[in-house]
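Both ligands and their constituent atoms are indexed starting at 1 by order of listing. FYI, the numbering just counts along the sequence from 1. Keep in mind that what you see is a predicted model, and the values were worked out from it rather than measured.
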Amino acid sequence: MSATTTTKPLHEAYSLRAPREYRNYIDGEWVRSTTGKTFENRNPANEDDLVGTFQNSNAQDVSAAVDAADRAFAKWRLTPAPKRAEFLYHVGEILRRDKEKIAREMTREMGKVLEETKGDVQECIDMAFLMAGEGRRLFGVTTPSELPNKFNMAVRMPLGVAGMITPWNFPIAIPGWKSMAALICGNTVVIKPASFTPLSVVMLAEAFEEARLPKGVFNVVTGSGGAVGNPLIENPKVRVISFTGSTDVGRDISIACAPNFKHLHLEMGGKNVIMVMNDANVDLAVDGALWGAFGTAGQRCTASSRLVVQRGVYQEFVDKLAARAKKLRVGFGLDAKIDMGPNISKGQIDTVRKYVKIGTDEGAKLVCGGNELKDGAYAKGHFHEPTVFADAKPGMRISQEEIFGPVTTVIPCDSLEEAISIGNGVKYGLSSSIYTNDVRNAFTAMRDMYTGLFYVNAPTIGAEVHLPFGGTKETGNGHREAGVAGIDVFSEWKSVYIDYSGSLQRAQIDTETV
Ligand code: UN1
């Protein structure tokens, strides 16, 4: 990571935006917060590098954004869905044109390597096009009536203003998943982006602005969870909240939404498992485990943070994984040949360090990594070595709790049944995977893993946008985003009965029709 030590300002060395003050996007205008205060956003690979300052907003700003979204809803909901789709296609084209530029800014703001931030933008593009296509579908149901000369159907209605609280690990993909689905259904949007990655959502708003989305349909308010997130959740004009983040925060949001029965979609923690069977291709499993555990520096809800390996291939797997993990090159994600970027913050590094100590104290064997990287070019960032614990027990805290960093835990097992039982033996249920060449193992695990996502011969990460995304147990609250399931979050059913018989017909009573 020599280039980060350049004497030029980092944004000049890497052709990035010069730091400046960014504003909220409310009612189609870029406006300052009424607080007059801003907060700083810095590069997690180099804290000397200021990405920009962002509005430290409050409840008044949220209220202005929600009012704008509420006003815009009156017209947007009546705009034919295929016309709404035109805006989404346009945004998709703009994002495609600017993909590399946007991804570079995202790597600077969030840390993951450029290939991955390009993938993140691609997910947003994919969702824009998928949901634009929905503009000509948004399928409802038609079904026969039990009575003659009567027509029955169920149609989807928008809800109104949709509030979104989005995470920093997929800073444009997840805002894209949520907002594209909400918009195509006819809702309007207010987003509070994570304070580590507000620029990514500002760039999405810039794309909507360029696509000439009507004023007030898409709004962004930056600031803290307490000052912006809470008023958004509590605002009675906001009809649905979609949140991606930790299970603890999700629980609080759930409680806050309950008194008003506000619709709520939650996407929370994970402790995902890769199961490796004796008959697996071990090299392929090691490839998958490396990518699943250390992609995004382990900061994915879907990260492969548990590796349950059958004893016949256990030692080979552990040795190969540790050897490969040691070779991963850690650094600034815009430098060529870097495999893994920093963690998002000092706080996240502290969490990783805490769990490395917990794992060691619990008696698991550290076979790779275990240290924060602080010297030389690492001094200004939040770096940690890729870390592998082996010989862990399923009940250990490192096998149970979400770490959200570059740490994975290998647990030996004797059979498929034991692997499945260990795999399911956590409070989360997002993603799971099996490496096997035996179709019976694959289908048994597919049936018995109680997770929202399941993979065969692939790691636990890498979901595609046209399938439902989400998890069971403490990962979610029964909803899914992405795919057609995303439409369900942002629409409500209206069942419609049209009686053209000209006489009173009583359902369930006038049954003698033949
Ligand atoms: C997340 O970690 O919050 O399946 C989302 C994946 C990505 C999305 C991850 N497509 O890993």
Checklist outcome for this item: Atoms of ligand 1 under 4.0 Å from any heavy atom of Ile174, numbered from 1 in the order shown, are 3 (O)
Checklist entry - Is it true that Glu492 and Arg156 make a salt bridge, defined as a side-chain N closer than 4.0 Å to a carboxylate O? => result no
Checklist entry - Is Gly462 in polar range of ligand 1, meaning some N or O pair under 3.5 Å apart? => result yes
Next on the checklist: Within ligand 1, which atoms have a heavy atom of Arg300 less than 4.0 Å away?
Outcome noted: 2 (O), 6 (C), 7 (C), 11 (O)
Item to check | Arg300/Glu116 ion pair, N-O < 4.0 Å | outcome: yes
Item to check | Pairwise side-chain contact, Lys346 with Gln348, heavy-atom cut-off 4.5 Å (strictly under) | outcome: no
Checklist entry - Mind checking whether Phe332 and Tyr14 have ring centres under 6.0 Å apart? => result yes
Checklist outcome for this item: atom 1 (C) of ligand 1 sits nearest the protein heavy atom Cys301 SG, 3.5 Å
Next on the checklist: When you compare ligand 1 with Tyr455, is there at least one nitrogen or oxygen pair between them that comes in under 3.5 angstrom?
Outcome noted: no
Item to check | Residue Ala463 vicinity, atoms of ligand 1 by number, heavy atom under 4.0 Å | outcome: 4 (O), 6 (C), 10 (N)
Checklist entry - Parallel, tilted or perpendicular for Tyr22 and Phe54, by the 30°/60° rule? => result parallel
Next on the checklist: Between ligand 1 and Thr244, can you find any atom pair, the residue atom being a heavy atom, that is separated by under 4.0 Å?
Outcome noted: no
Checklist entry - So is Glu123 polar-close to ligand 1, meaning N/O to N/O under 3.5 Å? => result yes
Checklist entry - Which of the atoms of ligand 1 are close to Phe469, meaning less than 4.0 Å from one of its heavy atoms? => result 4 (O), 5 (C)
Next on the checklist: Just checking Trp291 against Tyr455, ring centres under 6.0 Å apart?
Outcome noted: no
Checklist entry - Taking it one step at a time, do Ile102 and Met106 satisfy side chain to side chain contact (heavy atoms under 4.5 Å, CB included)? => result CA-CA 6 Å; Ile102 294 172; Met106 286 168 64; 3.7 Å; yes
Item to check | Top protein contact for atom 9 (C) of ligand 1, by heavy-atom distance | outcome: Phe170 CE1, 3.5 Å
